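Below is one structure, written out as structure tokens, with a few remarks after it.
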Amino acid sequence: MMTKQVRYEALVRALHGDLYRYAYWLTHDKQVAEDLVQETFLRAWRALDSLKDEKAAKSWLITILRRENARRFERKRFEMSDYEEATIIDTSSVTTEQEIENQWLRNKITQLPPEYSEPLILQVLGGFSGEDIATILDLNKNTVMTRLFRARNQLKEALEAEPVKRGMYNG
Amino acid sequence: MDDLQFRRAIYADPNNQDAEVTLAQQKDASKKQFAQEMNQLDEKIKQALQVPVPDHLCDKLILRQTLANHQVQKRKTRVYLALAASVAIVAALLVNFMQFSSAYNNLGDYALAHVYHEQDKFTNNDSNTVTLASLNQKMTAFDGNFSESLGKLLFADYCRFGGLKSLHLVYQGKTSPVTIFVVPKNEQLAFTTAFNDQQLFGSSIEFTNSNIIVVADKNESLAQWQQHINKTVSWSI
């Protein structure tokens, strides 16, 4: 019993950050993301014995989290309102140039269609390879690569299109 | 690798380390620059994605689990306690049953077993004798009295007969000792008038509060012993 607890705590310490960030980008809501992570770890605890390969823990947890997120929509249909309001983390009070740029980019990432942003987040944040992402999202690898291409392409175009606006933040 | 292919590959994965992609970068400086730009963008994306994680989240997750686990363990402890209690009760009942119920369910079987058990203790030629007076003293426990001796009494003492205090008498017989039990009446042991096996036979006489059982080898006349007992024993109320 104790070893299971130790394993669980190690898992939580190592991966709760990544998982929370992933949940945040999936839901664009701090509270919902936190609830999702809690629910995910609760399920992970119950099924901890089935996790044989510790290396696979991250993708295992992400799979659980995605399933939980899908369940959330089965239970309750949220009105898909736009994200502009209070849903994006407000860091503009921290007025470093870097933070403002991050904030701008966050908005852009949020505006990406979920099917583009999700592989991007898995790749950049999770450090997963194209094959891994394909497995997690249950897509084939070519589709994943195309979506990654489109995601970055859109971000780059947005970045190039709005240099002036970004300058306004600086002023 | 043409330019479009290269761009697609870099867009899809700026850290692409494929041999083809690396080679293309080495050959063409503009491609290398493009890859570097995309890497920078990726770095920015990475920074942007690093949203702050709530400080308490880790502790919250562990605490929640510990509490849930504690509940489960408490429930388990209760189950184990109940199991242990059940086992203890069953064990107690079993001991009770073994100790206070006899393995025999009628007087005859028990009497025979008792005689065989103590067979080695007595021989027909024992020099010890018990007087009528001391026998009658012991008989007072059963409110009984013998008016005269039935024969040469070798041994007389209380013993346990199916968990009951009873009187065990051993008389000198024709070839082997004759055993007489004075047993208080007991519902657990069924009354059997006559019983026997290969060596021994016996009979019981029923009185108001007690039974007298005679067990002897087959050379003895049980009827004679019974008659004798009937004649000499008397019961006070």
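Per chain, numbering begins at 1; letters A, B, ... match sequence-line order. Values below: every heavy atom of this structure, side chains too, minus hydrogens, waters and symmetry copies. All values reported here derive from a predicted model rather than from experimental measurement.
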Between [atom1] on residue [X] and [atom2] on residue [Y], distance to nearest 0.5 Å:
X: B/Ile62; Y: A/Arg13; atom1: CD1; atom2: CZ; result: 4.0 Å
X: B/Glu37; Y: A/Lys156; atom1: CD; atom2: NZ; result: 5.5 Å
X: B/Ile45; Y: A/Leu120; atom1: CD1; atom2: CG; result: 5.0 Å
X: A/Tyr8; Y: B/Leu61; atom1: OH; atom2: CG; result: 5.5 Å
X: B/Gln65; Y: A/Leu48; atom1: CD; atom2: CG; result: 9.0 Å

Looking at [X] and [Y], what are the two nearest heavy atoms and their distance?
X: B/Pro52; Y: A/Tyr20; value: O-CE2, 3.4 Å
X: B/Ala48; Y: A/Arg106; value: O-NE, 2.6 Å
X: B/Asp13; Y: A/Arg152; value: N-NH1, 4.1 Å

Tell me every residue that passes ring-ring contact (aromatic ring centres under 6.0 Å, His included) with B/Tyr11, counting only those two or more places apart in sequence or in another chain.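 B/Tyr11: ring-ring contact (aromatic ring centres under 6.0 Å, His included) contacts with A/Phe149, B/Phe34.
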Tell me, for B/Arg8 versus chain A, whether the close heavy atoms (under 4.5 Å) come from the side chain, the backbone, both or neither.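 For B/Arg8, the contact with chain A is made by backbone and side chain together.
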Can you confirm whether more than 12 heavy atoms, excluding those of [X], are under 6.0 Å from its [atom1] atom?
X: A/Asp138; atom1: CG; value: no
X: B/His56; atom1: NE2; value: yes
X: A/Glu115; atom1: CD; value: yes
X: B/Glu206; atom1: CD; value: yes

Name all residues meeting the side-chain contact (heavy atoms from CB on, under 4.5 Å) criterion together with B/Asp2; count only those two or more places apart in sequence or in a different chain, and write none if there are none.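 Expected list: B/Leu4, B/Gln5.
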Under 4.5 Å, counting heavy-atom pairs only, tell me which of [options] racks up the most with chain A.
options: B/Val53, B/Leu49, B/Asp59; value: B/Leu49
options: B/Gln50, B/Lys60, B/Lys46; value: B/Gln50
options: B/Ala12, B/Pro14, B/Pro54; value: B/Ala12
options: B/Met38, B/Glu43, B/Arg7; value: B/Met38

Largest heavy-atom contact set with chain B, pairs under 4.5 Å, which of A/Glu34, A/His16, A/Gln123, A/Arg150: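 Option with the greatest count: A/His16.
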Does A/Leu105 form a side chain to side chain contact (heavy atoms under 4.5 Å, CB included) with B/Gln47? I'd like the steps, not just the answer. CA-CA 9 Å; A/Leu105 204 53; B/Gln47 292 224 340; over 6 Å; no
Pick one of side chain, backbone, both or neither for [X], based on which atoms fall under 4.5 Å of a heavy atom in chain B.
X: A/Val144; value: neither
X: A/Ile121; value: both
X: A/Thr146; value: both

